[in-house]
Amino acid sequence: MISTATTLAGSNFDNCMMNASGVYCMDSDELLAVENSKAATFVTKSGTLQPRKGNPEPRYFETEFGSINSMGLPNNGVDYYLDFVSQDQINHPGKTYFLSITGFNLAEDLELLQKVTDSDFAGVVELNLSCPNVPGKPQTGYDFETVDAILKAVFDVYHKPLGVKLPPYFDIIHFDQMAEILNKYPLSYVNSINSIGNGLYINDDTETVVIKPKQGFGGIGGEYVKPTALANVHAFYQRLNKDIQIIGTGGIQTGKDIFEHILCGASMVQVGTALMVEGPVIFERLTAELEAIMAEKGYSSIEDFRGKLNYL
Ligand code: DOR
């Protein structure tokens with residue numbers, strides 16, 4: 001009997017797959033579509049204190065090898081997602097959901113968490129420290145001192161399951177430094193990676209960028225980013241305390257990609273660009289493909305190979 005079940009942040013999930021925040025999670029219709037798919041659970045779009053319209057369109061574009069986006073955090077506001085998830089919990093007892101939140105400074109992060117504390121939400125919070133697309137706002141995850149200060153303040157007041165969504169890092173010293181910070185805190189998990197920020201995709205025929213915000217600069221996802229995602233998952237797997245788990249996000253299009261993320265140490269995976277392309281039915285294909293690989297290799301659970309990457 002082959003199982004793709006996993007445990008994360010103290011909850012059991014009957015599959016190790018879910019959506020990545022930003023994809024199929026903007027409103028109740030999209031969240032319910034993921035809810036009713038083969039995915040184990042869902043994460044909401046990152047909720048801000050106030051609803052946001054986001055950046056001007058076009059702001060998302062699919063390419064042969066992935067996507068570029070500069071959405072600019074359009075969302076219905078944290079209250080909307082809190083209400084939806086709190087209700088969904090009642091409808092599905094025993095299921096655990098993820099609420100993504102993002103403030104524009106520490107005070108906002110704390111205000112968002114206060115709202116979570118005051119609500120009936122019983123799931124896992126994913127604090128997004130890595131949006132690359134708000135003009136004038138740098139990606140928090142690249143400011144190591146600020147990450148440290150945020151996590152200190154967050155865990156002074158918030159004691160329920162919480163993970164962080166990180167940007168990709170590209171230097172070994174940055175993996176070392178960030179892991180040292182993360183290891184100081186009772187994080188449930190780190191989620192690597194957000195999109196690779198500020199790429200540029202152009203149309204040669206028209207000699208023009210393909211998205212409007214920021215003169216075409218945007219976050220890159222899809223096949224382009226898998227090697228960077230795997231490197232971040234494995235670098236953190238090597239460095240983090242074993243009680244901080246890892247969600248692998250980036251470049252997942254097939255069951256083989258999921259197998260590789262798990263081999264690098266991920267306990268759960270999230271699907272972004274490919275979910276956008278195929279819709280929530282993708283989770284059926286991904287589950288069948290992962291199970292076929294596991295069957296061929298003689299693995300019955302993801303713990304049989306999780307983190308067991310070999311070196312030369
Ligand atoms: O690529 C991304 N786009 N990452 C985020 O964290 C936010 C999103 C957006 O809304 O721009």
Side-chain angles (χ1 to χ4, degrees), residues 18-27 30-31 42-63 65-78 80-81 98-105 108-109 112 125-143 146-147 150 162-170 189-201 209-226 228-229 232 247-252 270-277:
M18 60 187 290
N19 67 304
S21 180
V23 182
Y24 265 90
C25 58
M26 189 71 83
D27 58 25
E30 291 188 351
L31 288 162
F42 61 68
V43 58
T44 68
K45 175 69 181 171
S46 296
T48 48
L49 281 174
Q50 303 301 328
R52 288 170 56 85
K53 287 199 160 50
N55 291 338
E57 296 185 1
R59 57 192 186 181
Y60 175 83
F61 186 89
E62 272 159 19
T63 78
F65 300 111
S67 64
I68 181 166
N69 90 84
S70 184
M71 306 299 288
L73 291 171
N75 76 93
N76 291 330
V78 69
Y80 175 93
Y81 300 107
F98 290 69
L99 175 84
S100 175
I101 56 171
T102 190
F104 291 110
N105 52 50
E108 286 196 11
D109 288 337
L112 286 161
V125 169
E126 177 163 298
L127 179 62
N128 182 359
L129 296 177
S130 45
C131 174
N133 300 327
V134 178
K137 297 279 181 193
Q139 286 165 87
T140 310
Y142 290 135
D143 179 344
T146 299
V147 170
I150 287 174
L162 182 141
V164 283
K165 179 85 169 269
L166 296 175
Y169 300 99
F170 302 94
Y189 70 88
V190 304
N191 183 347
S192 291
I193 58 173
N194 206 319
S195 56
I196 297 185
N198 296 299
L200 189 58
Y201 189 85
V209 300
V210 296
I211 55 173
K212 186 173 172 72
K214 293 175 63 178
Q215 298 183 314
F217 288 73
I220 305 296
E223 196 176 330
Y224 297 111
V225 312
K226 189 176 77 170
T228 299
N232 276 259
I247 296 183
T249 306
I252 292 174
Q270 294 184 345
V271 186
T273 301
L275 171 60
M276 192 75 179
V277 173

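Numbering starts at 1 and runs along the sequence shown. Whatever order the structure lists them in is the order used to number ligands and atoms, beginning at 1.
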Practice task
Give a yes-or-no answer on whether the side chains of Gln270 and Asn19 include a donor-acceptor pair shorter than 3.5 Å.
Solution key: no
Exercise for the section: Compute whether any side-chain donor of one residue and acceptor of the other, for Ser100 and Asn128, lie under 3.5 angstrom apart. Expected result: no
Exercise for the section: Write down the atom of Ser46, the atom of Thr102, and the distance for their closest heavy-atom approach. Expected result: CB-CG2, 3.7 Å
Exercise for the section: State, to 0.1 Å, how close Met26 and Asn75 come at their nearest heavy-atom pair, and which atoms those are. Expected result: SD-CA, 4.0 Å
Exercise for the section: Answer yes if the ring centres of Tyr24 and Phe42 are under 6.0 angstrom apart, and no otherwise. Expected result: no
Practice task
For the residue pair Tyr224 and Thr63, confirm or rule out a side-chain donor-acceptor distance under 3.5 Å.
Solution key: yes
Practice task
Anything with a heavy atom under 4.0 Å from ligand 1 counts, so go ahead and list those protein residues by chain and number.
Solution key: Lys45, Asn69, Met71, Gly72, Leu73, Pro74, Asn128, Cys131, Pro132, Asn133, Asn194, Ser195
